[in-house]
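Scroll down for the structure; my scribbles are underneath it.
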Amino acid sequence: GEMAKLTQLIDNEVFQAYATYATIVLVKMMLMSPMTAYFRVTRKAFANPEDTASFGKGESAKKYLRTDPDVERVRRGHLNDLENIVPFLGIGLLYALSGPDLYTALLHFRIFAGARITHSFAYLIPLPQPSRGLSWAVGYAVTMSMAYKVLKTALYL
């Protein structure tokens, strides 16, 4: 019954492709957290008083409670991931379940993953504009393309 349907889903090549690229972009997004921590430690710029304990006590530690442009750049990149990868996960899953052919699905998933990885490099290096803007737009367009396909297929509006 129900278990057979789940097995069929897991054996579906489009779903496997979705799972692969969803995992890639999620791991990429997760790597932004240790990158933020790295920049906080190397720039000695912390958000919480308890985080400054290894650099001093009391008033001497307060100078480390500050913002830093490099830390904020990583944080903005991470926030942009959240704003774009989360919609991809939901819409991409619905898209994978809407019955696209494997080639078209792989094209969508690969372009999105490539765009998000490029966006992170463009943000963190930083590369000159319009590299970051274009990589964002490409990923956004892919998600919208999948959303269109889902709506066109399901169309219960």
Transitive ILVMFWY cluster of Phe39, excluding itself - 4.5 Å side-chain cut-off: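 Grouped by the 4.5 Å side-chain rule, Met32, Met35, Tyr38, Val71, Val74, Leu124 form the rest of the cluster around Phe39.
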
ILVMFWY clustering at 4.5 Å (side-chain atoms), partners of Leu134: none

Common cluster, [X]/[Y], ILVMFWY with side-chain heavy-atom separation under 4.5 Å:
X      : Y      : value
Ile117 : Met30  : no
Leu89  : Val138 : yes
Leu31  : Leu79  : no

Worked check of side-chain contact (heavy atoms from CB on, under 4.5 Å) between Phe109 and Val142: CA-CA 8 Å; Phe109 301 153; Val142 167; over 6 Å; no

Which residues share a ring pair (Phe, Tyr, Trp, His ring centres under 6.0 Å) with Tyr64, sequence neighbours left out: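 Counting only residues at least two positions away or on another chain, Tyr64 forms a ring pair (Phe, Tyr, Trp, His ring centres under 6.0 Å) with Phe55.
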
Ring pair (Phe, Tyr, Trp, His ring centres under 6.0 Å) involving Tyr21 - partner list, sequence neighbours excluded: none

Within residues 25-34 or reaching into it, pairs that qualify as salt bridge (Lys or Arg N to Asp or Glu O under 4.0 Å) - sequence neighbours excluded: Lys28-Asp81

Salt bridge (Lys or Arg N to Asp or Glu O under 4.0 Å) pairs, two or more places apart, involving residues 118-127: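 Sorted pair list comes back empty.
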
Qualifying side-chain hydrogen bond (donor to acceptor under 3.5 Å, both in side chains) pairs with a residue from residues 136-155, counting only residues at least two apart or across chains: Asn84-Trp136, His108-Ser145, Lys149-Thr153

Salt bridge (charged side-chain N to carboxylate O under 4.0 Å, His left out) against Lys63, all qualifying residues, sequence neighbours excluded: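 Lys63 satisfies salt bridge (charged side-chain N to carboxylate O under 4.0 Å, His left out) with no residue once adjacent residues are dropped.
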
Results of salt bridge (charged side-chain N to carboxylate O under 4.0 Å, His left out) for Arg110 - residues two or more places apart only: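 Residues passing salt bridge (charged side-chain N to carboxylate O under 4.0 Å, His left out) with Arg110: none at all.
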
Donor-acceptor contact present, side-chain Arg132 to main-chain His119, <3.5 Å: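 No.
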
Flag, side chain of Arg73 to backbone of Tyr123, donor-acceptor distance under 3.5 Å: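 The answer is yes, because a donor-acceptor pair under 3.5 Å joins these two groups.
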
Using the side chain to side chain donor-acceptor pair (under 3.5 Å) criterion, which residues pair with [X]? Sequence neighbours excluded.
X      : value
Thr104 : Asp101
Glu72  : Arg75
Asp70  : Arg43

